[in-house]
Amino acid sequence: MDFDDLDQEEEVAKQEEDVKRKEDEEKRAAEKEKLAAARREASERIAAERAEAAAGAAAAAAPAVPNGTKANGVNGANGEAEDLALWEVIGGVDKGGIMVREGESTSSTQKTDRLSTGALVEELELKGDRLHYKLKKGTGPEEGWVSVKLTGKDLLVPWVEIGEFGPKRRPPKWKVVKQPQIEYAQMKEIASKNDPGDYYGMKFPYTKDMLVEMGPEWLTQAFHKSGVLPRDNAVTKITDAKEFVGGGAGLKCTFTVEYKKDEAYLHKKLFAKLPHKPGGSDRYFVSCMWNHDRPEIVFNIFLQDSVPFRVPKFYFGDISATTTNFILITETIDWAEGGKKVFSPGEIEPAYDKYKDWELPDGGPMYYMACCRALGKMAGYHKQKRLHKSIDEMFPMPDPIPAIPPLPSLDALTKKQNAAKIDQFVRFVGETAKAVMPDEITDPAFLQQWKVEIQDVAEYSNEIMCYCCGAGASNPHDYVGLTHNNLQIDNAFFWRNEQNEVEVGLLDWGVLACGPLIGAMQGCISGASTEVLLEYRDTFLKTFIDSFAENGGPQLDMERFKTMCCLQMLLWSFNITSNVTQVLKFTKAAEWQEIKDWMDPRLLDRFQTRAHTTQFKEALQLYRKWDLYGVFHKWKRDNGLPKK
């Protein structure tokens, strides 16, 4: 065969390959459209059923109100107060008040009298920065139109009622903010700008040094703007500002403030979250690729007052889409000293660390139970639309998945990459870290069997996710919702009530989003020890299911939820094989040759090493104890999934 014939054969083969690729693409597109159509149909059906059920429940639960009366000041279904929107005039001090016009337009007829500084008015209509009001207190026209701000300065601000726990905060009006596309090379330049925040509209510090430099004057303006500080009070001093790294989502800062007037509801020790410094991959991935920061800001501004558990008091927060800079300021939690085991009612316990549950007074069960109850409560509130009237814009629900669709096998390259990660994982557990691992999971025969089985599981990872999103259930969205999706021990704070029962408050709302409820549960209880999970796993699941139903969610099927939990554990077992490199980055292979005990500081005191190595150990132990591959096989058979 000469070179011309060879070239011709290669060209024919290439054409055949192109035809096959095109046919495959068309087939995938058709399957995708078929699945999308099924999702739309299911979404419409479920929405109709939900609306019908909600209408019936509302009619049954509606209180008897006499004709012609209005039930004011009662929280509605969205958790927002339905009382009057009042504004206080703060502008016009040097002019005897602010200008009033007869119409919305700033060129409409000006009224003779001014609206006095300090006047209180009822909002009748708000269009942009123009307020149609009715006078409630003070002097000036009984009704008219005024500007709430002029050249960036506030003329009127929402009136704040001060109660036992401080001012009744009124969040700004919710709006959808689109994140522009930002390239990695642009990150440093973009993040060096100081643009106003998307929600409060004022510039803000995004480093510890900027916070100190902008000082008490900025804090006063910010706290007035957020509504936590009355207008007759001010921040007068900032001291003891300390920056530190905690977790991987950004920088942290603690600082102390002094006020013009001390009040019981004002905290002097404050805590700030700030973005990573620009220029590194951490900042780009956290701020742009993961969109980690905005959900936490949105939660604290708009949802904090309506969730059914305690969270650190919000003082100020905002984020800029154009720069990705943000700041979040809350109270500092008053943690007890580490090692303490006996607590008075209401006393905050020590800050517990992840994967060190032997430090918990009971080893974990009471603490995870409290977390599971909180997760169920918030998910139930979400189903009942009790979090915010715009919750579906803030955190959209994904389209429902009515059934597990036919899905292709993994491509050859992905299989090769998976096999390499799994091989590295097996070598690490069976050789590098063997001295600290239980014998039952370092047995070569077991690891080889696991290696084959986990690659089979990886082939069905997308099918598992569909099932965990409710595929096959009468209402798939019953198993999907909004709740904290990373509620491990280090993202919570605990105290005891009068009956010595553990209560929980929640921290760290980054990457908050609607998703499979079992995923949130797995993210919580996967931090528990193997011994605790073996004894209490079903109790944890039932605690969530009961709390979910008691707070307005549908009744979930316990057996299905258990199967979902096992499948999530299997996916976890596969996904963590990617983390061996991270472990070896912090504890080198040469060090592992010397590590013989789990309490070795080179394992225990290095968070990344301790966290991932604990996950490796517990994932393999539970794989054996719960026969997870057997559960997987039964699930495949029950759902009629073909062999790949």
Side-chain angles (χ1 to χ4, degrees), residues 68-76 78-175 196-197 199-202 220-234 261 263 265 301-302 305-306 316 318 388-390:
T69 65
K70 181 179 179 182
N72 285 331
V74 179
N75 282 349
N78 57 19
E80 294 188 329
E82 297 175 353
D83 48 359
L84 300 178
L86 300 177
W87 293 73
E88 181 182 1
V89 180
I90 63 169
V93 175
D94 57 341
K95 297 179 181 179
I98 63 174
M99 185 187 303
V100 181
R101 293 186 181 274
E102 292 185 354
E104 177 190 350
S105 173
T106 53
S107 60
S108 64
T109 304
Q110 178 181 336
K111 296 204 174 190
T112 305
D113 294 332
R114 286 177 171 261
L115 186 60
S116 64
T117 303
L120 204 62
V121 299
E122 176 188 347
E123 176 186 318
L124 300 178
E125 201 175 355
L126 182 64
K127 292 188 175 182
D129 288 338
R130 295 289 288 168
L131 174 69
H132 184 199
Y133 77 87
K134 180 179 179 181
L135 183 64
K136 303 296 289 184
K137 179 183 176 182
T139 61
E142 286 294 317
E143 187 176 331
W145 287 82
V146 292
S147 295
V148 297
K149 63 175 61 177
L150 189 63
T151 62
K153 293 184 178 180
D154 290 328
L155 300 181
L156 294 93
V157 294
W159 179 72
V160 177
E161 178 185 356
I162 301 177
E164 179 184 356
F165 301 104
K168 183 180 179 182
R169 194 169 60 86
R170 285 187 177 275
K173 187 177 181 180
W174 161 253
K175 63 179 179 178
Y199 301 112
Y200 286 110
M202 60 185 290
T220 298
Q221 293 173 358
F223 293 177
H224 285 169
K225 195 79 169 177
S226 70
V228 296
L229 188 69
R231 292 274 161 178
D232 62 353
N233 205 348
K261 294 191 294 185
E263 300 287 356
Y265 56 78
I301 293 176
F302 297 102
D305 294 337
S306 56
F316 184 81
D318 213 337
H388 195 280
K389 66 181 180 181
S390 301

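FYI, side chains are in, hydrogens and waters are out, and symmetry mates aren't considered; it's all heavy atoms of this structure.
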Task: Passing candidate, side chain to side chain contact (heavy atoms under 4.5 Å, CB included) with W159, options V89, L86, V121 - done: L86
TODO: Check T117 against V93 and note the closest heavy-atom contact, atom names and distance.
DONE: OG1-N, 3.6 Å
Task: Heavy-atom closest contact (D318 atom, Y199 atom, distance) - done: OD1-N, 3.1 Å
Open item on the list: Is there a side-chain contact (heavy atoms from CB on, under 4.5 Å) between I301 and Y200? Walk through the geometry before answering.
Closed with: CA-CA 10 Å; I301 293 176; Y200 286 110; 3.9 Å; yes
Open item on the list: Show the nearest heavy-atom pair for residues I90 and R231, with the distance to one decimal.
Closed with: CD1-NH1, 3.6 Å
Open item on the list: Within this structure, what is the CG-CE distance for the pair L150 and M99, rounded to the nearest 0.5 Å?
Closed with: 8.5 Å
Task: Distance (rounded to the nearest 0.5 Å) between E143 CD and E122 CD - done: 9.5 Å
Task: K137 side, atom NZ; L120 side, atom CG - distance, nearest 0.5 Å - done: 7.0 Å
Open item on the list: Tell me the closest heavy-atom pair linking K111 and P141, and the distance in Å.
Closed with: CD-CB, 3.8 Å
Task: N-O pairing of E104 and K127 below 4.0 Å - done: yes
TODO: Please answer whether the main-chain N or O of P230 pairs with a side-chain N or O of H224 as donor and acceptor at a distance below 3.5 Å.
DONE: yes
Open item on the list: Could you check, using the six-membered ring where one of them is a Trp, whether W174 and F302 have ring centers closer than 6.0 angstrom?
Closed with: yes
Task: CG on L115 to OG1 on T139, rounded to 0.5 Å - done: 7.5 Å
TODO: Please round to the nearest 0.5 Å and tell me the distance separating atom CG of D113 and atom CD of E142.
DONE: 10.5 Å
Open item on the list: Applying side-chain contact (heavy atoms from CB on, under 4.5 Å) to M202 and F316, what does each step give before you reach the verdict?
Closed with: CA-CA 11 Å; M202 60 185 290; F316 184 81; 4.1 Å; yes
Open item on the list: Walk me through whether V146 and L155 qualify under side-chain contact (heavy atoms from CB on, under 4.5 Å).
Closed with: CA-CA 9 Å; V146 292; L155 300 181; over 6 Å; no
Open item on the list: Between R101 and T106, is there a side-chain donor-acceptor contact under 3.5 Å, judged purely by atom types and distance?
Closed with: no
- [ ] In sequence, state the C-alpha distance, the side-chain angles, and the governing distance for W145 and S108, and then conclude on side-chain contact (heavy atoms from CB on, under 4.5 Å).
- [x] CA-CA 9 Å; W145 287 82; S108 64; 6.0 Å; no
Task: Nearest heavy-atom neighbours spanning P158 and R170 - done: CB-CD, 4.2 Å
TODO: Go through the steps for K261 and E263 under the test salt bridge (Lys or Arg N to Asp or Glu O under 4.0 Å), then give the verdict.
DONE: CA-CA 6 Å; K261 294 191 294 185; E263 300 287 356; 5.0 Å; no
- [ ] Say whether E123 and W87, considering side chains only, have a donor N or O and an acceptor N or O under 3.5 Å apart.
- [x] yes
- [ ] Looking only at non-hydrogen atoms, find the nearest pair between R130 and S147 and report the distance.
- [x] NH1-OG, 3.0 Å
Task: V148 and V157, any side-chain heavy atoms less than 4.5 Å apart - done: no
Open item on the list: To the nearest 0.5 Å, what is the distance between NZ on K175 and OG on S390?
Closed with: 13.5 Å
Task: Close side-chain approach of L156 to Y133, heavy-atom, < 4.5 Å - done: no
